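To start, the structure under review is shown below, and the notes come after it.
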Amino acid sequence: MNKLYFLFFILIFSLVYLGIHYYVYSRIVAGLSISVCARSYLRIFFLIAALSFVLGEFLSRYISVYPVVYLGNVWFGIISIALSIFIVKDILGLLRCFATRNDKLLTYSAIILVILLSGYALYNAAQKPKLREVKITHRKITKELSGFTIIQLSDLHLSVLKSAQWLGSIVDRVNGLNPDLIVITGDLMDSESKGTGEICEALKNLKAKYGVFGITGNHEYYFGIDKFMEIAKKSNINILRNDKITIANDIELIGIDDDTGKQYQETGSDLKKIMQNCDFKKMIILLAHSPVGFGTAVDLGIDLQLSGHTHRGQIPPMNFLVYLYYKYPYGLYKKSSSYIYTTSGTGTWAIPMRLFSRSEIVKITLQNDK
């Protein structure tokens, strides 16, 4: 990655991260009118809590420090939820029906709500991924292909926070569905752990009639593309990097690299070039980590795009921001005769919390339109 870009990213992230902490801290202090001594203790708490995430991310690159990483990521989730709640609280405070004298009550209510929502978000994320069934009907799906099943996994973000046992349970559920094809639409890896060998063994157990295929997401480049490719090889996962393969004689399966690769001297995606070698009589399925460029993909002849990346926001305020930023943030969409499905992801990124969404395993069934 370009060093200047990296330094700029760290600077912006640090300013935003510290800004969130200062905002929440200042709203609590102003709302409760706490003493000077209590403010000092609160500042120390916020400083230690803020550093826990940074320290955990740094140390995890060198040693296995699960408790620090877990607590740091949980705090990141709590402060994010707190930011959203206190913004709402301040908006309510501006309304005439909520006079200044009620500011202390609003602040206490906000703190209690943050605690309750954070607890539920932790519980919700700890639940096993739900099975999401999607049926795709298209004129290119032949009678012979009708009933063909694809399992889509995405955004597992395997790291020190994800155990081999957790991954093994995912693999067992997928294999129990007897899929014809398994696809992994990016962000399989997040960071290494002592259990990397066990992770490869678990992934190797994924079974599908026509194999397991994957693509790169942005985190594959953060993780290290060479290390990722080695893990994929050991796990018997075929990575499509701006490449295609014909499946069951009736499907053209295309996988493109995530454009994050351009920051690492990689080529990025090159869909137009791949499409030149496609048989347009076949069902053309695109694996693209981020749910962008669907309009262009449709114009080029893509029949179905499978994406992830958004996580459906996981927690506030990202829940709302992804719906503002992405045109296809979650679920099944149709344009002309083509489809895109954006999954909320099978795992979670860093923060082990979900508030308004669930992790999911997606089962896609292709159906003839006659």
Side-chain angles (χ1 to χ4, degrees), residues 1-3 5-6 9-10 13 57 60-61 69 73 151-162 164 166-167 170-171 182-204 206 211-245 253-271 274 285-293 305-311 314 322 326 342-351 359 362:
M1 179 186 283
N2 183 285
K3 291 183 179 179
Y5 177 88
F6 179 74
F9 171 80
I10 292 297
F13 174 81
E57 287 297 299
S60 65
R61 267 78 178 154
V69 176
N73 281 283
I151 294 297
Q152 181 191 8
L153 304 176
S154 190
D155 301 277
L156 283 101
H157 289 278
L158 300 176
S159 68
V160 67
L161 295 178
K162 304 288 197 318
W166 174 83
L167 179 59
I170 300 294
V171 170
I182 298 172
V183 297
I184 304 173
T185 48
D187 283 4
L188 173 66
M189 300 300 302
D190 220 352
S191 64
E192 284 189 281
S193 67
K194 291 182 179 179
T196 299
E198 293 178 339
I199 284 172
C200 290
E201 286 302 312
L203 290 171
K204 193 186 294 184
L206 283 170
V212 183
F213 294 85
I215 55 171
T216 62
N218 51 312
H219 279 261
E220 270 68 51
Y221 295 99
Y222 307 153
F223 174 75
I225 191 64
D226 291 335
K227 289 190 296 181
F228 164 68
M229 292 301 293
E230 182 64 26
I231 287 174
K233 183 178 180 181
K234 291 180 180 179
S235 304
N236 292 339
I237 300 173
N238 305 288
I239 304 300
L240 298 175
R241 303 193 63 190
N242 294 323
D243 201 0
K244 78 169 186 71
I245 187 170
L253 183 67
I254 297 173
I256 56 174
D257 272 350
D258 190 78
D259 278 337
T260 302
K262 294 177 181 178
Q263 300 167 16
Y264 293 81
Q265 288 74 54
E266 298 283 343
T267 58
S269 62
D270 194 357
L271 179 59
I274 308 170
I285 300 176
L286 170 65
L287 308 182
H289 178 60
S290 186
V292 296
Q305 178 174 326
L306 300 179
S307 298
H309 184 62
T310 69
H311 292 242
Q314 281 192 213
V322 296
Y326 291 100
T342 305
T343 175
S344 60
T346 313
T348 56
W349 169 78
I351 303 168
S359 298
V362 185

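Computed from heavy atoms alone, side chains included, the values below leave out hydrogens, waters and symmetry copies. Values in this document were obtained by computation on a predicted structure and should not be read as measured data.
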To the nearest 0.5 Å, how far apart are CE in Met189 and OG1 in Thr196?
-> 5.5 Å

Below 4.5 Å, heavy atoms only, C-beta onward: do Leu167 and Ile199 meet side chain to side chain?
-> yes

In Å, rounded to the nearest 0.5 Å, how long is the span from OG of Ser191 to OH of Tyr222?
-> 14.5 Å

What closest approach, in Å, do His289 and Asp187 show between heavy atoms, and which atom pair accounts for it?
-> NE2-OD2, 3.2 Å

Are the side chain of Asn218 and the backbone N or O of Thr260 linked by a donor-acceptor pair below 3.5 Å?
-> no

What one should report as the nearest heavy-atom pair of Ile254 and Leu240 is C-CD1, 4.2 Å

Closest non-hydrogen contact found for Pro291 with Tyr326 is CG-CD2, 4.0 Å

Are any side-chain N or O atoms of Lys162 and backbone N or O atoms of Thr348, one a donor and one an acceptor, separated by less than 3.5 Å?
-> yes

What's the verdict on side-chain hydrogen bond (donor to acceptor under 3.5 Å, both in side chains) for Asp259 and Ser269, showing C-alpha distance, side-chain angles and the deciding distance?
-> CA-CA 6 Å; Asp259 278 337; Ser269 62; 3.0 Å; yes

Does any non-hydrogen side-chain atom of Val292 lie less than 4.5 Å from one of Gln305?
-> no

Rounded to the nearest 0.5 angstrom, the CD1-CG distance for Ile237 and Leu206 is 6.5 Å

Asp257 vs Thr216, side-chain hydrogen bond (donor to acceptor under 3.5 Å, both in side chains): CA-CA, chis, key distance, verdict = CA-CA 5 Å; Asp257 272 350; Thr216 62; 3.2 Å; yes

By side chain to side chain donor-acceptor pair (under 3.5 Å), which residues pair with Ser359, not counting sequence neighbours?
-> Arg354

Gap between atom CG of Leu158 and atom CG of Leu156 - 0.5 Å precision | 5.0 Å

Kindly assign one of parallel, tilted or perpendicular to the pair His219 and His157, based on the angle between their ring planes and the thresholds 30° and 60°.
-> perpendicular

Check: Asn242 side chain, Gly268 main-chain N or O, donor-acceptor pair, under 3.5 Å | yes

Take Leu287 and Leu253, measure what side chain to side chain contact (heavy atoms under 4.5 Å, CB included) needs, and give me the verdict at the end.
-> CA-CA 8 Å; Leu287 308 182; Leu253 183 67; 4.0 Å; yes

Please report the C-alpha distance between Leu286 and Leu271 in whole Å, then the side-chain angles of each, then the deciding distance to 0.1 Å, and finally whether the side chain to side chain contact (heavy atoms under 4.5 Å, CB included) criterion is met.
-> CA-CA 9 Å; Leu286 170 65; Leu271 179 59; 3.9 Å; yes

State whether Lys227 and Glu230 are salt-bridged, where the test is any N-O pair (Lys NZ or Arg NE/NH1/NH2 against Asp/Glu carboxylate O) under 4.0 Å.
-> no

Spacing of OG1 belonging to Thr346 relative to CG belonging to Leu153, to within rounding of 0.5 Å = 4.5 Å

What distance do His311 atom NE2 and Thr342 atom OG1 have between them, rounded to the nearest 0.5 Å?
-> 12.0 Å

Considering only heavy atoms from C-beta outward, does the side chain of Ile245 approach that of Phe213 to under 4.5 Å?
-> yes

Could you list the residues that satisfy side chain to side chain donor-acceptor pair (under 3.5 Å) with Gln152, not counting sequence neighbours?
-> Thr185

Can you find a heavy atom in the side chain of Phe228 that is under 4.5 Å from one in the side chain of Ile239?
-> yes

Hey, are Asp155 and His309 close enough side-chain-wise for a donor-acceptor pair under 3.5 Å?
-> no

Apply the test side chain to side chain contact (heavy atoms under 4.5 Å, CB included) to residues Leu161 and Val69: give CA-CA distance (whole Å), side-chain angles for both, the deciding distance (0.1 Å), then the verdict.
-> CA-CA 8 Å; Leu161 295 178; Val69 176; 3.8 Å; yes

Determine, for Glu266 against Arg241, whether the closest basic-nitrogen to carboxylate-oxygen distance falls under 4.0 angstrom.
-> yes

Correct closest heavy-atom pair for Cys200 and Ile231 would be SG-CG2, 3.8 Å

Side chain to side chain contact (heavy atoms under 4.5 Å, CB included) partners of Glu57, counting only residues at least two apart | Phe53, Arg61, Asn73

Quick one: closest heavy-atom pair of Trp349 and Gln314, and the distance?
-> N-OE1, 2.8 Å

Flag side-chain contact, heavy atom, 4.5 Å: Glu198 against Glu201 | no

What heavy-atom pair brings Ala288 and Ser307 nearest, and what distance separates the two atoms?
-> O-OG, 2.6 Å

Heavy-atom side-chain contact between Leu306 and Ile285 under 4.5 Å | yes

